[in-house]
Amino acid sequence: MKKDIQIGYEYFKNSSELSDIEQQLFERAKQARENAYAPYSQFLVGCAVLLENGDIYSGNNQENAAFPSGLCAERTTLFWVAANFPNEKIKKIFVVGGPKDFSEKNPPIPPCGACRQSLLEFETKQNENIDLYFSSMNEEVIKVQSIKDLLPFSFDATFL
Ligand code: THU
(Lines give C-alpha, C1' and ligand atoms only; values in the text may rest on other atoms or scores of the structure.)
Protein backbone atom coordinates (compact mmCIF):
# COMPACT_ATOMS: atom_id res chain seq x y z
CA MET A 1 0.00 0.00 0.00
CA LYS A 2 1.48 3.30 -1.06
CA LYS A 3 1.00 6.32 1.15
CA ASP A 4 2.10 9.92 0.76
CA ILE A 5 3.26 12.48 3.27
CA GLN A 6 2.44 16.07 2.46
CA ILE A 7 4.37 18.95 3.94
CA GLY A 8 3.02 22.46 3.93
CA TYR A 9 5.35 25.42 3.95
CA GLU A 10 5.23 29.13 3.22
CA TYR A 11 7.56 30.81 0.79
CA PHE A 12 8.39 34.52 1.04
CA LYS A 13 10.14 36.01 -1.97
CA ASN A 14 11.43 38.83 0.19
CA SER A 15 11.74 39.30 3.94
CA SER A 16 9.71 42.52 3.61
CA GLU A 17 6.65 40.24 3.35
CA LEU A 18 7.25 39.08 6.93
CA SER A 19 5.55 40.50 10.03
CA ASP A 20 7.41 42.95 12.29
CA ILE A 21 8.45 40.34 14.82
CA GLU A 22 9.55 37.98 12.05
CA GLN A 23 11.66 40.74 10.51
CA GLN A 24 13.19 41.46 13.91
CA LEU A 25 14.15 37.82 14.22
CA PHE A 26 15.64 37.87 10.74
CA GLU A 27 17.75 40.91 11.62
CA ARG A 28 18.95 39.34 14.86
CA ALA A 29 19.86 36.11 13.08
CA LYS A 30 21.78 38.07 10.43
CA GLN A 31 23.65 40.02 13.11
CA ALA A 32 24.51 36.80 14.94
CA ARG A 33 25.75 35.29 11.68
CA GLU A 34 28.39 38.04 11.48
CA ASN A 35 29.97 36.68 14.68
CA ALA A 36 29.99 33.03 13.62
CA TYR A 37 33.28 31.23 14.24
CA ALA A 38 33.66 29.31 11.00
CA PRO A 39 37.32 29.51 9.93
CA TYR A 40 37.27 26.00 8.45
CA SER A 41 34.11 25.99 6.35
CA GLN A 42 33.79 29.75 5.80
CA PHE A 43 30.08 28.99 6.02
CA LEU A 44 28.42 31.36 8.46
CA VAL A 45 25.10 30.61 10.14
CA GLY A 46 23.12 32.76 12.54
CA CYS A 47 20.08 31.87 14.54
CA ALA A 48 17.54 33.83 16.58
CA VAL A 49 14.96 32.44 18.96
CA LEU A 50 11.76 34.13 20.16
CA LEU A 51 10.63 33.08 23.62
CA GLU A 52 7.08 33.14 24.92
CA ASN A 53 7.92 36.14 27.12
CA GLY A 54 8.90 38.12 23.99
CA ASP A 55 12.64 37.99 24.53
CA ILE A 56 14.92 37.21 21.60
CA TYR A 57 18.24 35.39 21.91
CA SER A 58 20.68 34.58 19.18
CA GLY A 59 23.71 32.44 18.41
CA ASN A 60 25.86 31.15 15.59
CA ASN A 61 27.95 28.18 14.48
CA GLN A 62 31.13 27.47 16.43
CA GLU A 63 33.73 25.35 14.67
CA ASN A 64 36.78 23.53 15.98
CA ALA A 65 40.10 22.31 14.56
CA ALA A 66 38.85 18.85 15.55
CA PHE A 67 35.95 19.20 13.14
CA PRO A 68 33.26 17.10 14.90
CA SER A 69 33.75 19.13 18.06
CA GLY A 70 32.13 22.17 16.47
CA LEU A 71 28.44 22.91 16.73
CA CYS A 72 25.75 24.32 14.44
CA ALA A 73 24.14 27.70 15.05
CA GLU A 74 20.77 26.18 15.90
CA ARG A 75 22.05 23.92 18.66
CA THR A 76 24.47 26.52 20.02
CA THR A 77 21.51 28.87 20.43
CA LEU A 78 18.93 26.34 21.61
CA PHE A 79 21.13 24.77 24.25
CA TRP A 80 22.13 28.14 25.66
CA VAL A 81 18.49 29.23 25.82
CA ALA A 82 17.47 25.96 27.49
CA ALA A 83 20.34 26.18 29.96
CA ASN A 84 19.34 29.69 31.02
CA PHE A 85 15.55 29.67 30.62
CA PRO A 86 14.52 26.04 31.09
CA ASN A 87 10.86 26.86 31.64
CA GLU A 88 10.36 29.37 28.86
CA LYS A 89 8.64 28.10 25.73
CA ILE A 90 10.16 28.74 22.32
CA LYS A 91 7.72 30.27 19.83
CA LYS A 92 9.84 30.89 16.76
CA ILE A 93 13.31 30.18 15.48
CA PHE A 94 14.95 31.89 12.52
CA VAL A 95 18.05 30.53 10.78
CA VAL A 96 20.14 32.47 8.28
CA GLY A 97 23.11 30.87 6.61
CA GLY A 98 25.43 31.03 3.67
CA PRO A 99 29.05 31.14 2.57
CA LYS A 100 31.08 34.04 3.94
CA ASP A 101 31.20 35.46 0.42
CA PHE A 102 27.59 34.81 -0.43
CA SER A 103 26.03 35.60 -3.77
CA GLU A 104 22.49 36.41 -4.83
CA LYS A 105 22.10 32.81 -5.91
CA ASN A 106 22.54 31.22 -2.48
CA PRO A 107 19.29 29.46 -1.59
CA PRO A 108 17.66 29.37 1.88
CA ILE A 109 19.73 27.13 4.18
CA PRO A 110 17.65 24.50 5.98
CA PRO A 111 18.75 23.07 9.36
CA CYS A 112 20.84 19.90 9.23
CA GLY A 113 19.39 16.57 10.36
CA ALA A 114 20.99 16.67 13.81
CA CYS A 115 19.58 20.15 14.45
CA ARG A 116 16.12 19.03 13.33
CA GLN A 117 16.28 16.21 15.87
CA SER A 118 17.36 18.62 18.62
CA LEU A 119 14.64 21.08 17.64
CA LEU A 120 12.06 18.31 17.79
CA GLU A 121 13.05 17.57 21.38
CA PHE A 122 12.08 21.12 22.30
CA GLU A 123 8.68 20.79 20.65
CA THR A 124 8.09 17.52 22.49
CA LYS A 125 9.26 19.01 25.80
CA GLN A 126 7.07 22.09 25.59
CA ASN A 127 4.17 20.25 23.91
CA GLU A 128 3.76 23.14 21.51
CA ASN A 129 4.91 23.69 17.98
CA ILE A 130 7.76 26.01 17.00
CA ASP A 131 7.57 28.12 13.84
CA LEU A 132 10.80 27.59 11.94
CA TYR A 133 12.10 30.04 9.35
CA PHE A 134 15.17 29.60 7.23
CA SER A 135 16.80 31.89 4.75
CA SER A 136 20.00 32.74 2.99
CA MET A 137 21.31 36.28 2.84
CA ASN A 138 19.34 36.89 -0.36
CA GLU A 139 16.14 37.60 1.62
CA GLU A 140 14.11 34.61 0.40
CA VAL A 141 12.50 32.91 3.40
CA ILE A 142 10.84 29.54 3.96
CA LYS A 143 8.60 28.91 6.96
CA VAL A 144 7.27 25.68 8.40
CA GLN A 145 4.86 25.59 11.33
CA SER A 146 6.38 22.64 13.11
CA ILE A 147 9.76 20.95 13.23
CA LYS A 148 7.87 17.73 12.48
CA ASP A 149 7.27 19.08 8.98
CA LEU A 150 10.99 18.76 8.36
CA LEU A 151 11.31 15.38 10.03
CA PRO A 152 8.72 12.85 8.87
CA PHE A 153 8.69 9.54 10.79
CA SER A 154 10.58 11.28 13.57
CA PHE A 155 11.77 9.56 16.71
CA ASP A 156 10.86 11.20 20.00
CA ALA A 157 10.31 10.43 23.67
CA THR A 158 6.87 8.90 23.04
CA PHE A 159 8.61 5.75 21.71
CA LEU A 160 10.67 5.20 24.87
N1 THU B 1 25.78 24.64 10.02
C2 THU B 1 24.91 25.21 10.90
O3 THU B 1 25.32 26.04 11.74
N4 THU B 1 23.62 24.88 10.85
C5 THU B 1 23.10 23.97 9.97
O6 THU B 1 21.95 23.57 10.11
C7 THU B 1 23.91 23.53 8.83
C8 THU B 1 25.38 23.67 9.02
C9 THU B 1 27.20 24.97 10.11
C10 THU B 1 28.05 23.84 10.62
C11 THU B 1 29.40 24.21 10.06
O12 THU B 1 30.02 25.11 10.96
C13 THU B 1 29.08 24.95 8.78
O14 THU B 1 27.71 25.32 8.86
C15 THU B 1 29.29 24.13 7.51
O16 THU B 1 28.64 22.92 7.60
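For ligands, and for the atoms within them, numbers begin at 1 and follow the listed sequence.
The aromatic rings of Tyr57 and Trp80 sit tilted, their planes meeting at an angle between 30° and 60°. Phe155 and Phe159 have parallel rings, their planes meeting at less than 30° on a 0 to 90° scale where 60° marks the start of perpendicular. Between Phe122 and Phe79, the two ring planes are parallel [angle under 30°; tilted spans 30° to 60°].
Asn61 ND2, 3.5 Å is the protein heavy atom nearest to atom 9 (C) of ligand 1.
No hydrogens or angles considered: nothing links the side chains of Ser58 and Gln31 as a donor-acceptor pair under 3.5 Å. In this model, no donor atom of one side chain and acceptor atom of the other lie less than 3.5 Å apart for Ser154 and Asp156.
With a heavy-atom cut-off of 4.0 Å, Glu74 touches ligand 1 through its side chain alone.
If you number the atoms of ligand 1 from 1 as listed, the ones under 4.0 Å from a heavy atom of Cys112 come out as 5 (C), 6 (O). Here is the list of ligand 1 atoms found below 4.0 Å of a heavy atom in Glu63: 11 (C), 12 (O), 13 (C). Short contacts between ligand 1 and Cys72, defined as distances under 4.0 Å to a heavy atom of the residue, involve ligand atoms 1 (N), 2 (C), 3 (O), 4 (N), 5 (C), 8 (C), 10 (C). Near Ser41, meaning under 4.0 Å from any of its heavy atoms, are these atoms of ligand 1: 13 (C), 15 (C). Which parts of ligand 1 touch Ala73 is read off a 4.0 Å heavy-atom cut-off, strictly below it: atoms 2 (C), 3 (O).
Of the options Glu128, Glu52, Gln126, Glu123, a side-chain hydrogen bond (donor to acceptor under 3.5 Å, both in side chains) to Lys89 is made by Glu128 and by none of the others.
Distance check for atom 16 (O) of ligand 1: every protein heavy atom is found at 4.0 Å or beyond.
A cation-pi arrangement is not found for Lys13 relative to Tyr11, the charged atom failing to lie both closer than 6.0 Å to the ring centre and inside a 45° cone about the ring normal.
Close to ligand 1: Pro111, with a non-hydrogen atom less than 4.0 angstrom away.
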